[in-house]
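A short write-up of the structure that comes next.
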2 protein chains.
Amino acid sequence: MNKEPLIGAMRQMITMFDQEAEKFLSFCYFKTFHQKEFLGRQGEVCQDIFFIIKGITRSLIVDTAGEEHTIHFSLENQFICDYTSFMLQTPATNSLQAVEETEVVVLPRKAIEWGYANLQQGDKLGRLIAEYYFIYFDIRLKNQYLFTPAQRYENLSKVFPNIHNRVPQHMIASYLGVSPVHLSRLKKSL
Amino acid sequence: MNKEPLIGAMRQMITMFDQEAEKFLSFCYFKTFHQKEFLGRQGEVCQDIFFIIKGITRSLIVDTAGEEHTIHFSLENQFICDYTSFMLQTPATNSLQAVEETEVVVLPRKAIEWGYANLQQGDKLGRLIAEYYFIYFDIRLKNQYLFTPAQRYENLSKVFPNIHNRVPQHMIASYLGVSPVHLSRLKKSL
DNA sequence: CTGGCACGATAACATTTGTTTAGAATAACC
DNA sequence: GGTTATTCTAAACAAATGTTATCGTGCCAG
């Protein structure tokens, strides 16, 4: 397998010498998770960031009634973990689960820490990652205010056209914040 | 007036020499907005970050039907602006409005840029601000999934006990994502 | 002082969404 | 290959939330 996609993603944010990149990568390794396997669990302190080479994961949170809520989907070429847990070293509130067979590059905490301390633009990388996710959350939150579940469903279908072939509908419903039965109803009326 | 609260907030994130802090502050100035005045408007590129000395502001967004949605409230000792607009230099989607008479320190773009480039820990400051807001958004989004409007109302009342004395109820309803009429109904049944 | 206006409560009704249950198609498993 | 889960749809009813209209209060500009 090939770590190029990861290097490419990093080089979109900062400039790195080949030596720096190589050293950084030496802390990282590949791993494959099969369907429904957990990359991380609620309650554990998140110690790794994952970069998805192939596959889909979802972040989910379980409420006091035991219901699962899908908070995010993540696809190829994205970084994913419970960042709040990773940054603060507090127990994660989100679990991270493979929706289909998923290959990732694992970036352990020591890789990240080495990067912040030793990459020439380490802090800038951290800032840009945080800013990227900030913008992502900003958009997500606005969507909650501006759009109905039906509209959010249509938007999602545009951004991620073949989601229906890769993700079970009840997870999509959960992500949209409606019951699976209701999503089925909404689809019919579109 | 006194810029100490701003310095204090910055020094909770990074260490600064007094000289650095002084130079940074020389780019900043005080401003007072009266009730309902706008600190920034949807469509303009956000060129300043505000630090609230005294008062309350809200971020709001207007949908295609002309309805206002209150996305955030910001209180004393907080930084506020449309960060997405500020970072990307794109037109702001949020307007920023004083809910009551509000005194702020204005941090113009050139202050921030000078800080990133010249403060010894400039990039770290940027990273921490972005991370701080990341965590804030993370919690906000989880709340949307985990709690009903009634529960969100109770949580808000705990975190911000005298909000009812300082913010009109229809703005609170908008923030919670329900109609003013419905919030009135919810309060009765608690 | 006073007329208008913003604000909030309430009631009645409409719409949206959740819940429960059932059934059929499909996929996973041994 | 057959059995068992999983997934989706559908219908009927319940609960939550939106909408409209009305009323009373307090506030502030003139």
Side-chain angles (χ1 to χ4, degrees), chain A residues 32-38 55-56 58 60 62-70 73 97-102 143-157 160 162-190, chain B residues 34-38 56 58 60 62-70 73 97-101 143-157 160 162-190:
Chain A
T32 298
F33 295 89
H34 41 260
Q35 201 178 24
K36 295 190 182 174
E37 194 176 354
F38 284 88
I56 301 179
R58 65 167 184 149
L60 60 107
V62 180
D63 66 23
T64 49
E67 295 289 327
E68 286 183 356
H69 302 266
T70 299
F73 292 114
Q97 186 186 35
V99 173
E100 57 185 36
E101 173 124 341
T102 299
N143 279 349
Q144 294 278 348
Y145 283 94
L146 293 178
F147 301 114
T148 64
Q151 290 171 319
R152 294 205 293 274
Y153 173 73
E154 286 185 305
N155 292 342
L156 180 64
S157 300
F160 184 1
N162 65 338
I163 186 170
H164 314 84
N165 305 324
R166 298 179 70 182
V167 179
Q169 189 165 298
H170 66 88
M171 291 183 192
I172 301 175
S174 168
Y175 175 78
L176 295 173
V178 299
S179 68
V181 178
H182 188 56
L183 178 55
S184 183
R185 190 161 33 191
L186 288 176
K187 281 171 62 181
K188 203 171 66 169
S189 67
L190 287 181
Chain B
H34 42 258
Q35 201 177 23
K36 296 190 181 174
E37 195 176 354
F38 284 88
I56 301 179
R58 64 167 184 149
L60 60 107
V62 181
D63 66 22
T64 49
E67 295 290 327
E68 287 184 355
H69 302 266
T70 300
F73 292 115
Q97 186 186 35
V99 173
E100 57 184 36
E101 173 124 340
N143 280 348
Q144 294 277 350
Y145 282 95
L146 293 178
F147 300 114
T148 64
Q151 290 171 319
R152 293 205 293 274
Y153 174 73
E154 287 184 305
N155 293 342
L156 180 64
S157 300
F160 185 1
N162 65 338
I163 186 170
H164 312 86
N165 305 324
R166 300 179 70 182
V167 179
Q169 188 165 300
H170 69 267
M171 291 184 192
I172 300 176
S174 169
Y175 175 77
L176 295 173
V178 299
S179 68
V181 179
H182 188 57
L183 178 55
S184 183
R185 189 160 34 192
L186 288 176
K187 281 170 63 182
K188 204 172 65 169
S189 67
L190 286 180

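Everything numeric here is computed off the predicted structure, so don't read it as measured data. Proteins come first, then strands; the chains are lettered A, B, ... in the order of their sequence lines, and each starts at number 1.
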Please write out the pairs of protein N or O atoms and N or O atoms of nucleotides 25-30 of chain C separated by less than 3.5 Å, giving the distance to one decimal.
none

Do any N or O atoms of the protein come closer than 3.5 Å to N or O atoms of nucleotides 16-18 of chain C, and which pairs are they?
residue : atom : partner : partner atom : Å
C/dT17  : OP2  : A/H182  : NE2          : 3.2
C/dT17  : O5'  : A/H182  : NE2          : 3.3
C/dG18  : OP2  : A/S179  : N            : 3.0
C/dG18  : OP2  : A/S179  : OG           : 3.3
C/dG18  : N7   : A/R185  : NH2          : 2.8
C/dG18  : O6   : A/R185  : NH1          : 2.9

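Sequence order on DNA chain C of the closest nucleotides to A/V181 and B/K36 puts B/K36 first from the 5' end.
The side-chain heavy atoms of A/N162 and A/F160, taken from C-beta on, include a pair separated by under 4.5 Å. Residues B/E68 and B/S174 have side chains not in contact (no heavy-atom distance under 4.5 Å, counting atoms from C-beta outward). The shortest distance between side-chain heavy atoms of B/P168 and B/V99 falls below 4.5 Å. A 4.5 Å side-chain heavy-atom check between A/E67 and B/Y145 finds every atom pair outside the cut-off.
Summarising the geometry, atom CD belonging to A/Q169 is positioned 9.5 Å from atom CG belonging to A/L176; distances are rounded to the nearest 0.5 Å.
Residue pairs that meet the ring pair (Phe, Tyr, Trp, His ring centres under 6.0 Å) test with at least one member in residues 163-190 of chain B, sequence neighbours left out, are B/F73-B/Y175, B/Y153-B/H164.
Overall bending of the helix from C/dC1-D/dG30 to C/dC30-D/dG1, expressed as the angle between end axes built from five pairs apiece, is 50° (10° steps).
Nearest heavy-atom pair, B/P149 versus B/L186, reported as atom, atom and distance to 0.1 Å: CB-CD1, 4.2 Å. Considering every non-hydrogen atom in both B/H69 and B/D63, the closest pair reads NE2-OD2, 2.8 Å. Taking all atoms of both residues into account, the shortest heavy-atom contact from A/L60 to A/V62 is CD1-CG2, 4.2 Å.
Between the side chain of A/Q151 and the backbone N or O of A/T148 there is at least one donor-acceptor pair closer than 3.5 Å. Within the 3.5 Å criterion, the main-chain N or O of A/E100 finds a donor-acceptor partner in the side chain of A/T102. One N or O on the side chain of A/Q97 and one on the backbone of A/K36 form a donor-acceptor pair closer than 3.5 Å.
With sequence neighbours left out, the side-chain contact (heavy atoms from CB on, under 4.5 Å) criterion links B/E37 to B/F33, B/H34.
When the P atom of C/dG8 is taken as reference, atom OH of B/Y153 falls 11 Å away, rounded to whole Å.
Taking a heavy-atom distance under 4.0 Å as the criterion, the stretch of DNA chain D touched by chain A extends 5' to 3' from D/dT7 to D/dA12.
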